Number of protein chains: 2
Amino acid sequence: MQVLLKDLARAAGVSEATASRALSGSGRISSETRKRVRSLAEKMGYHVNTLARGLASGKTNFIGVCGAGVLQPFMHRLLSQLASYADRKGQKLIFAPWPLEEGLQVLLSLGIDGLLICWETLSADLAAELRERQLPTVVLGAHSKYCSSFNVDRIGGVKAGISKLISLGHRRIAFVGENAASDKWQGFVEAHREAGLEVSEAVMVPCQGSTLGGYRAKDLFLAAECSAAFATSDEIALGLLKSLEEDGRRIPADYSILGYDGIYLDQLGRPRLATLAQPSSALASKAIEQLFAAPSQVVHQSILPEFIAGDSIGMRG
Amino acid sequence: MQVLLKDLARAAGVSEATASRALSGSGRISSETRKRVRSLAEKMGYHVNTLARGLASGKTNFIGVCGAGVLQPFMHRLLSQLASYADRKGQKLIFAPWPLEEGLQVLLSLGIDGLLICWETLSADLAAELRERQLPTVVLGAHSKYCSSFNVDRIGGVKAGISKLISLGHRRIAFVGENAASDKWQGFVEAHREAGLEVSEAVMVPCQGSTLGGYRAKDLFLAAECSAAFATSDEIALGLLKSLEEDGRRIPADYSILGYDGIYLDQLGRPRLATLAQPSSALASKAIEQLFAAPSQVVHQSILPEFIAGDSIGMRG
DNA sequence: TTGAAAGCGCTACCAA
DNA sequence: TTGGTAGCGCTTTCAA
């Protein structure tokens, strides 16, 4: 049989109320009673029923995680960081890897104490509902009008990466990626301007945001006559790199390639793609911190990606 | 304000009991009342409180997913397949990507209706606890003594893959991977035996199960004087491939490489690694099916990985 | 087919 | 510091 609170209370010779206090950590109670009840709970194999506790207290110690990115490759690092920071606050992460609206309903009906939305923005309607419930919410990897958000400073990150390429002697750098990536394009342009270089739109190599896209972008890239490429995602970078190598070009001797995201940080040893990695550790710690900060404080912050010096960039040949 | 069942009932002019019946789909109730209550619920934005429903009914419609593999790269496909099959049964997946014991406690205290354990086996203790709670449990990607399990037929899969290499003219194939992979080794040997070929232990190239491991295994592989390599994971395969190409060898002209797992199926276009992909779709549908089958029926099944003919294998040069 | 009422297991309030 | 008691929001008997 499942051990219930009343069984525990009876065995300890106290009331259910006292047993509950002993376990929950709050409440006024003698430390001796607490110790006794807790050790007994362990011995008897008692575990609170989360459902009942949540219903009675209105708190579940669950933090819901949803949003487009939840199952994306570069999210592994972020998710495990989030889980570990949350753990220190005694909270557990629950993932709802579905479309935002749907995932949100599940999470809300579970009585989560906080919500993290990853790589997606919040509609006004949803924001209103969340506000009404007073649910602490943080948006990660995007900006939100409605709640605290920790965005990635794509402009600054790309700018720093491109400056690095320029300092390595590259004077004509291709911008390979989906056109929509306008933040990244802006950082790209700013780095050039700061170095006193002109940027022609001819260095823009449009391609789909996949490895295949990068693979197919080779001819356009070569036609752009650049000595280096900035790819707006690591997938693109890897595809392009592969395709250039198959063509007999050497990386980084002939061409330098800089990626974005840091998807393979844990996986690839050498040769490692130089990339602008998502600042997952900073994002995670700030997000969790903010979730438990004064709820009235709405904070917006942008965090720079981390420049990872890999083996795919070098001095201009 | 949050809309509660009693608000809905009052608005519909029925008792809470009736409103509850109208929503839950079971219970005897006139279809007219049901329709009225349901449309009203939608209009008023009513959502059941999962906590309360779970507490009262003992059912949550949640299926817990835990085990070592939950956040591994090749699990993406499996997890989304699981989610979609579960959805058809009106169930939602909840992920607990922590060490098994810990994740299990969270899930159990949530009152899940079923449990999927991925790529891990169940200890006798845990099995006993699950049995006591009568929680339908299925183990995926491993064999279990204690509950239904759908394992991957690694032996048969590798055997088929190696036979394919043999049919392409390869007579001496390296086995690159961690030594622990004994199922795979067995399949490797059987394929040779069936073809009337001898297997020398000299073709065993031990290496760590990472891209870096594969990258470093190059010299040992070359020393083994094989025309093809079977790597026990795609990471290893990719590392080895990369390292050989850097060395000026052409794949598959000079060497054929076959991987295992299918981690990049969705991501990489060309060139695509030939691999033995985890049979995620079959695993997912069978697992969900079994979860709702007669609980007394314990089923054990092994499913063949899917052979993906990529561009990394070819006729012996 | 419906309504009234008794819980599900726990926490929170009040009084002692 | 403790115990009694009234719910949390829902489902599920049992009668009607």
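Keep in mind that this is a model prediction, so the values were computed, not measured. A, B, ... follow the sequence lines: proteins, then strands. Residue 1 opens every chain.
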Distance, rounded to the nearest Å, where Lys59(A) contributes NZ and dT11(C) contributes P: 14 Å

Short side-chain to backbone donor-acceptor contact, Arg36(B) and Ala12(B), under 3.5 Å: yes

Below 4.0 Å: OP1/OP2 of dT12(D) and any side-chain N or O of Ser20(B): no

Pairwise 5' ranking along DNA chain C for Ser30(B) and Ala52(B), keeping only the more 5' one: Ser30(B)

Glu101(A) atom CD, neighbour heavy-atom count above 12 within 6.0 Å: no

Those residues that, when tested against His143(A), pass side-chain hydrogen bond (donor to acceptor under 3.5 Å, both in side chains) (two or more places apart): none

Listed partners of Arg131(A) passing side chain to side chain contact (heavy atoms under 4.5 Å, CB included), at least two apart: Tyr146(A)

Difference in axis direction between the ends of the helix from dT1(C)-dA16(D) to dA16(C)-dT1(D), five pairs, 10°: 30°

For Ser20(B), all residues meeting side-chain hydrogen bond (donor to acceptor under 3.5 Å, both in side chains), sequence neighbours excluded: none

His47(A): ring-ring contact (aromatic ring centres under 6.0 Å, His included) partners, not counting sequence neighbours: none

Set of side chain to side chain contact (heavy atoms under 4.5 Å, CB included) partners for Lys35(A), sequence neighbours left out: none

Nearest-nucleotide comparison on DNA chain C, the residue closer to the 5′ end among Thr33(B) and Ala56(B): Thr33(B)

Partner set under side-chain hydrogen bond (donor to acceptor under 3.5 Å, both in side chains) for Ser57(A), not counting sequence neighbours: none

Rounded distance (Å) that lies between atom P of dG3(D) and atom NZ of Lys6(A): 17 Å

d(CG, Leu5(B); C1', dT2(C)) in whole Å: 15 Å

Below 4.0 Å: OP1/OP2 of dT11(D) and any side-chain N or O of Arg53(B): yes

Phosphate contact (dG3(D) OP1 or OP2) by Thr18(A) side-chain N/O below 4.0 Å: yes

Partners passing side chain to side chain contact (heavy atoms under 4.5 Å, CB included) against Ser302(A) (at least two apart in sequence or in another chain): Asn151(A), Asp153(A)

Of residues 35-51 of chain B, the positions that come close to DNA chain C - non-hydrogen atoms, cut-off under 4.0 Å: none

Non-neighbouring partners of Ser30(B) that pass side-chain hydrogen bond (donor to acceptor under 3.5 Å, both in side chains), sequence neighbours left out: Thr33(B)

Proximity to DNA chain C (any heavy atom under 4.0 Å), residues of residues 104-115 of chain B only: none

OP1 or OP2 of dG3(D) under 4.0 Å from side-chain N/O of Ser15(A): yes

Residue pairs passing the salt bridge (charged side-chain N to carboxylate O under 4.0 Å, His left out) test where at least one lies in residues 80-92 of chain A, sequence neighbours excluded: Asp87(A)-Lys92(A), Lys89(A)-Glu289(A), Lys92(A)-Glu102(B)

